[in-house]
Amino acid sequence: LLGHLAEPLIYLFGLGAGLGVMVGRVGGVSYTAFLAAGMVATSAMTAATFETIYAAFGRMEGQRTWEAMLYTQLRLGDIVLGEMAWAATKAALAGAGIGMVAAVLGYTQWLSLLYALPVIALTGLAFASLGMVVTALAPSYDYFIFYQTLVITPILFLSGAVFPVDQLPIVFQTAARFLPLSHSIDLIRPIMLGHPVVDVCLHVGALCIYIVIPFFLSTALLRRRLLR
């Protein structure tokens with residue numbers, strides 16, 4: 001769990017202390033407070049992703065834990081759902097960890113962090129579901145680096161975690177509207193900063209779509225893979 005906190009904390013203190021001096025205020029708050037909310041969502045994304053593309057893959061291939069579980073009354077969908085729930089739990093803990101650091105430093109209120117926890121868990125479920133699709137498709141561990149570099153990293157920088165989306169070119173602003181992390185940040189940031197949350201149903205619905213569709217897709221892909 002500590003490993004999932006390292007990168008967001010580096011961003012929080014490195015960019016917050018460095019760029020924060022030059023940038024000043026963003027949207028009426030300090031840049032570090034702006035960044036802290038983005039890092040809470042990012043930490044949830046990272047924790048859920050790594051848990052599903054590495055740990056779950058290991059339980060499926062190397063340890064063959066899934067094979068043993070399938071000899072019980074559990075179905076493949078139950079296993080996938082369990083992996084997603086565990087990844088979301090770790091994501092919630094990781095996001096809460098960054099949030100507690102932000103609260104201790106005075107960048108959010110403790111009660112606001114409590115209100116943000118369901119969204120952090122929902123973010124974890126969304127990225128866990130996406131990660132299970134990658135796990136179903138990857139022939140080996142070596143292929144996960146492509147997902148991290150070509151998908152997760154661009155999502156981080158396009159979703160408003162580090163800088164406002166409205167500062168991006170129009171084409172990237174349009175693309176950002178379809179990214180799950182954007183919807184997560186649009187919920188978590190106003191909650192943590194004490195601002196009104198707009199379009200709640202839209203953002204929650206988008207995250208739910210990223211949970212449900214990849215879940216059924218990954219289950220179908222894994223069923224085909226395991227029955228070969």
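- Side-chain atoms of Ser129 do not come within 3.5 Å of backbone N or O of Leu125 as any donor-acceptor pair.
- Using a 4.5 Å heavy-atom threshold, the side chains of Lys90 and Phe50 count as separate.
- Looking at Val197 and Leu187, their side chains come closer than 4.5 Å, going by heavy atoms from C-beta outward.
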Q: Check the pair Asp199 / Asp186 against side chain to side chain contact (heavy atoms under 4.5 Å, CB included), numbers first and verdict last.
A: CA-CA 9 Å; Asp199 297 327; Asp186 285 343; over 6 Å; no
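- Between Glu51 and Arg59, at least one side-chain N (NZ, or NE/NH1/NH2) sits under 4.0 Å from a carboxylate O, which counts as a salt bridge.
- Heavy-atom neighbours of Tyr141 OH from other residues, nucleotides or ligands within 6.0 Å: above the threshold of 12.
- Using a distance-only test at 3.5 Å, with no hydrogens or angles considered, no donor-acceptor pair links the side chain of Ser159 to the main chain of Ile185.
- Under a 3.5 Å cut-off, the side chain of His183 and the backbone N or O of Thr123 do not form any donor-acceptor pair.
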Q: Determine, stepwise, if the pair Phe163 / Leu168 fulfils side chain to side chain contact (heavy atoms under 4.5 Å, CB included).
A: CA-CA 9 Å; Phe163 41 77; Leu168 295 172; 3.4 Å; yes
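- No close placement of the Phe34 and Tyr107 rings is indicated, their centers lying 6.0 Å or farther apart.
- Formation of a donor-acceptor pair under 3.5 Å by the Ser218 side chain with backbone atoms of Pro214 is found in this model.
- Using modelled atom types, no side-chain atom of Arg225 and backbone atom of Ala220 make a donor-acceptor pair closer than 3.5 Å.
- Residues Phe127 and Pro180 form a side-chain contact, since some pair of their non-hydrogen atoms from C-beta on lies under 4.5 Å apart.
- Counting only distance, with no hydrogens or angles, the side chain of Thr72 and the backbone of Met69 share a donor-acceptor pair below 3.5 Å.
- Between the side chains of Glu61 and Trp66, no donor-acceptor pair is found at a separation under 3.5 Å.
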